[in-house]
Each structure stands twice: as C-alpha cells, then as structure tokens.
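All values reported here derive from a predicted model rather than from experimental measurement.
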Amino acid sequence: MTYCEAYEKLAKYGQTHLLKYYDELNEEERRALLDQIGETDFSVVRVGKSDEVRGVITPIPCTELDEIDAHREEYLEAGLEEIRAGKVAAVLLAGGMGTRLGSDGPKGVYNIGVTHEVYIFERLIRNLMDVTDMAGNFVHLFIMTSDKNHEATVNFLSEKNFFGYDGSFVHFFRQEMAPAADYSGKVYLEEKWKLSTSPNGNGCWYSSMAKGGMLDIVKNEGIEWLNVFAVDNVLQRIADPVFVGATKLANCVVGAKVIKKAAPDERVGVICLEDGHPSVVEYYELTDEMMNAKNDDGKPAYNFGVILNYLFHVPELSEIVDKKMPLHVVEKKIPCLDEAGEHFKPEKPNGYKYETLILDMIHLLDTCLVFEVERKREFAPIKNPTGIDSVESARELLKLNGVEL
Ligand code: UTP
C-alpha cells in the first residue's frame, strides 16, 4: 500500500493520526506501517458497548450427572469408536493474552508446580493422553496462537517434545489481530511504526483454521468432530469419549460441557434457548429475572454455566463459517504511545479491544447437547494469580484429583 492509499483508507475511518510520525520513520518502518494499515480492518472500531437486542430466552434441558452415569458405558463405547476411527480431533484455543494472569509469556507455558515444574500445557496434554492411551491412538491436536505468542508457544512445546505427545499430530495455526482503540475510537500506536493490536477473540477459531490450511487436514483425515477447549482449565477432559458418544447418540450438532452454577451470580456464561435455538448469555448480560427464575420443580431455571469445552460436528460448521458474529467491545489495558510519543504501559483500562466469541457460535447451530460435568473434577480455570479462578485455586483442585505438584 502506498502512503496515499493508506491516507485515503485512514481518512475514511477517522484514523489519519496513525501517520503522525511517518516523516520520522526509516524506509523499513514506513513499509511496516503501510503494510499493517493495508491489512487492518478498521470497520470493527466503535465506541462503547454494543447493544445487541436479544431474542426470547427460555430454559434448555440439560443431561445431568445421574443420567450420564446411567448411560456411561454406552456413551463411552460410542465415543471410543469415533476416536479409534480417527473421527475426533481437539482444538486448543491459546491465542489469548492472559492479561489477568500477568505473566509475559503464553499462558500455557506458565509453571503451576510447587515442588517440581508442572506447566499448564503439560497438564492439558496429559489429560488428553489419558484418552489417547485408552483408545490406543493419537488424535490430531490443533493449537491456535496469535502474533503475540506464536513463536514462544511453538518453541516451548517443541523443546518439551510435546510432553510425550506425537508431534506429527500437533498443528499450529494463527488467529488474526484487531486494532485496539482509545475511548473515543482512535486506534492507538504501539510504536511510531506499529498500530496497537489485540487478538480478535476466540470466535474466529474455525475461520482461522480455514485460513491456516487446517481444514485440509480435517478433510483428508476424515475428522468429523472438533473438541474445542480453552488453555486455562487444567482439569478438563479433552476428547472425552463419554461426551463424544453422548453428543453423537443424541444426534446433536454441538455438545457443551457445563457445570452447575455455584451461585446465581457466578461469572460463567449461562446456557439457554434464545428464540428456540441453543444460546449462551454471558454473566454480565444476565438479568435479575434470569438469575431468579425457577422451573416447575422449584430449581433455578438457568443453572448451568459453560466451561468453554465444546464438541462441534464438522459438516454443520462449514455452513455457519460465513455468518456474521456479534462483535464484543471489551475494556482493556492497551500498551501504547502517549501524547509525547513515549511508551506507556497503563495500570488500568485505557480503551477497547474488539472480539468475536466462540459462545456466539452456539446460537448459530440447531441442536446442542448440554452435558453436565462435576465441577471439582473438571473445572479448574486459571485466570488470575490468586483468589477466584487462580493458580492457587487450581492447585487445590489438582491436588484433590491426585495430581502431584
Ligand atoms: P479469556 O476470555 O480468558 O481471555 O480466554 P484471555 O485473553 O486469554 O485472558 P485475559 O482476559 O486477557 O486475562 C478464554 C480462552 O480463549 C482463548 C484464550 O487463550 C483462552 O483459552 N482466546 C481468547 C483466544 O484463543 N483468542 C483470543 O483472541 C481470546
């Protein structure tokens, strides 16, 4: 892109301030800046929260623990059959910034050990290997990274020999970045030659798999189910055959692992029906009415929270990949240049990042198996260093499950 083209593009979106330092830059920096402006989608930038109007919310039936226990053998067998036939793969979402944890590296390389090293990635791979050992074959593992952590993630896992996993089954792909802006919608500069950007949210995972060539592997290997999971839950079961079998036997196109909420205002997305379609309402969008609603049997009507562990049936994903997803505007601490052109690392949020979320994909699909898991066995998210959903709380839960730290 030439300077004139860049200027024209920026003018359209009210972002010409991004060329403020152009005259000071050397040739290489100018090229980098113009290329980035050429690649960036400025149409995502907006000010304030989006006010998407929601449809009619009603409760969704859940397959609860006792029902799962009663059918465990049947589900297990059906799931193992799919895994042994190579029809199941796992997708690890590891492109996030993990800002709340506050570590510089990718979240997965964080060491949660006490007496010896235990990395988050290691725990996840070991959990997956419980299944692949049982099935007698590896499953393909796709790992999503972003520009901010790609090299560090690939180098770490390669150095650690994928913690015993067969490296030929591991595939990395990158998600895209979105510009980050101040409260008036002006995109920040991170360097005089570089815009501030942030990963564009975990809702992009399937389109990023497509862009990264991963769908060729999916097609060539005959993969029919993708178990997508977050990097931070160190207790979760991955490619869980019972979950796979139950979703398949229920003829659902997506399965969502859920936990019973610990309190009406717990910070988890709640699964429900919206205009008759499965849907997830984020905790910050929950109304008092939803929090206090009761079923006929007197139990809370919206009592199950998602844990970001979904099983998608591949054929239906290709039908929704081009559908528009809502854009979430999230307040964030954005490292940037200040008025004087000096680097500034904010201590509190100073603007917005723009994201699509995987939970919005659920609403685009017709049928969802809501599959309950026991929270103390399968839910130990690491978001913060201490307190709720932290390294500390996850350590306690890992110990409870017999994992030595
Ligand atoms: P979180 O919502 O915890 O976001 O991501 P985060 O960016 O990692 O953490 P904070 O908010 O800055 O502390 C949930 C899951 O989605 C992935 C994360 O890596 C995590 O597995 N994710 C999130 C992506 O892969 N890409 C994104 O753009 C955002």
Side-chain angles (χ1 to χ4, degrees), residues 90-114 117-128 130 141-146 148-150 152-153 156-157 160 163 172 175 198-205 227-240 243 256-259 261-262 266-269 280 282-284 305-311 328 330 332-333 353 355-359 373-401 403 405:
V91 183
L92 167 54
L93 303 179
M97 302 268 278
T99 41
R100 283 170 284 174
L101 188 58
S103 128
D104 281 340
K107 200 182 253 192
V109 312
Y110 196 88
N111 174 15
I112 52 169
V114 179
E117 291 171 356
V118 179
Y119 300 97
I120 292 182
F121 278 141
E122 179 179 7
R123 272 307 342 140
L124 296 174
I125 289 177
R126 295 266 185 258
N127 293 351
L128 177 56
D130 287 346
L141 171 62
F142 299 95
I143 303 181
M144 183 163 87
T145 61
S146 74
K148 303 263 178 191
N149 65 18
H150 183 80
T153 303
F156 176 81
L157 283 169
K160 299 287 179 192
F163 295 103
F172 296 94
Q175 68 176 109
S198 186
N200 64 347
N202 58 28
C204 67
W205 69 274
N227 180 204
V228 187
F229 63 102
V231 73
D232 40 45
N233 178 4
V234 284
L235 264 190
Q236 67 192 313
R237 303 279 98 205
I238 300 153
D240 173 357
F243 182 40
K257 284 198 168 189
V258 298
I259 46 161
K261 284 174 62 174
E266 187 180 358
R267 294 175 150 227
V268 285
V280 179
E282 265 291 36
Y283 67 89
Y284 50 79
V306 286
I307 61 169
L308 217 174
N309 188 311
Y310 301 105
L311 182 71
H328 294 254
V330 188
K332 204 189 165 237
K333 296 179 210 163
K353 66 174 176 176
E355 299 189 326
T356 58
L357 300 180
I358 186 171
L359 54 84
V373 297
E374 207 182 334
R375 68 187 299 146
K376 63 174 191 294
R377 300 277 165 231
E378 282 209 40
F379 190 52
I382 298 179
K383 301 283 187 194
N384 307 296
T386 56
I388 296 171
D389 296 344
S390 67
V391 179
E392 281 173 355
S393 59
R395 279 188 185 136
E396 288 310 311
L397 285 160
L398 283 167
K399 279 188 217 151
L400 185 81
N401 284 278
V403 178
L405 294 170

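- No more than 12 heavy-atom neighbours from other residues, nucleotides or ligands sit within 6.0 angstrom of CZ on R267.
- Ring pair Y119/F163 is tilted by interplanar angle, where 30° to 60° counts as tilted.
- Interatomic distance, D232 CG to I307 CD1, rounded to the nearest 0.5 Å: 10.5 Å.
- Residues Y283 and V268 share a closest heavy-atom pair of CB-O, 3.5 Å.
- Counting only heavy atoms from C-beta outward, the side chains of E392 and E396 never approach each other to under 4.5 Å.
- The only member of I143, T153, L124, N202 that meets side-chain contact (heavy atoms from CB on, under 4.5 Å) when paired with V231 is L124.
- Residue Y310 comes nearest to L308 through the heavy atom pair CE1-CA, 3.9 Å, listed as atom of the first residue, atom of the second, then distance.
- Atom CG of L397 and atom CZ of R395 lie 12.5 Å apart (nearest 0.5 Å).
- Under the salt bridge (Lys or Arg N to Asp or Glu O under 4.0 Å) criterion, R375 pairs with E266, not counting sequence neighbours.
- For E117, there are no salt bridge (Lys or Arg N to Asp or Glu O under 4.0 Å) partners two or more places apart in sequence or in a different chain.
- Salt-bridge formation is detected for the pair K257/D240: a Lys NZ or Arg NE/NH1/NH2 atom is positioned less than 4.0 Å from an Asp or Glu carboxylate oxygen.
- Side-chain atoms of N233 come within 3.5 Å of backbone N or O of A380 as a donor-acceptor pair.
- In terms of heavy-atom proximity, R100 sits nearest to P385 at O-CD, 3.4 Å.
- Residues V403 and R126 form no side-chain contact, since every pair of their non-hydrogen atoms from C-beta on lies 4.5 Å or further apart.
- Residue E355 comes nearest to G201 through the heavy atom pair CB-CA, 3.7 Å, listed as atom of the first residue, atom of the second, then distance.
- Atom CZ of residue R377 and atom CG of residue L400 lie 5.0 Å apart, to the nearest 0.5 angstrom.
- In I388, the CD1 atom is not crowded: 12 or fewer heavy atoms of neighbouring residues, nucleotides or ligands sit closer than 6.0 Å.
- The backbone N or O of I382 sits less than 3.5 Å from a side-chain atom of K107, completing a donor-acceptor pair.
- You'll find the side chain of F379 stays beyond 4.5 Å of the side chain of V373, heavy atoms only.
- Of the options R237, Q236, E378, a side chain to side chain donor-acceptor pair (under 3.5 Å) to N309 is made by Q236 and by none of the others.
- Around atom NZ of K333, no more than 12 heavy atoms belonging to other residues, nucleotides or ligands sit under 6.0 Å away.
- One distance of note links CD of E374 with CD1 of I259; it measures 11.5 Å at 0.5 Å rounding.
- Remark: of the listed residues I238, V228, I358, V228 is the sole one forming a side-chain contact (heavy atoms from CB on, under 4.5 Å) with V91.
- Looking at every heavy atom in both residues, Y110 comes nearest to S103 through CD1-CB, 3.7 Å.
- In terms of modelled atom types and a separation under 3.5 Å, the side chain of N401 and the main chain of K376 share a donor-acceptor contact.
- Rounding to the nearest 0.5 Å gives a distance of 3.5 Å between CE of M97 and NZ of K332.
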ask   = F229 and L93: side-chain contact (heavy atoms from CB on, under 4.5 Å), yes or no, with the steps?
value = CA-CA 6 Å; F229 63 102; L93 303 179; over 6 Å; no
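- Without hydrogens or angle criteria, T145 side chain to H150 main chain gives no donor-acceptor distance under 3.5 Å.
- At least one donor-acceptor pair under 3.5 Å links the side chain of N127 to the backbone N or O of V234.
- Atom OG1 of residue T99 and atom CG of residue N384 lie 9.5 Å apart, to the nearest 0.5 angstrom.
- Taking both residues in full, the closest heavy atoms of S146 and G95 are given as OG-O, 3.3 Å, listed atom of the first, atom of the second, then distance.
- A cation-pi arrangement is not found for K160 relative to F121, the charged atom failing to lie both closer than 6.0 Å to the ring centre and inside a 45° cone about the ring normal.
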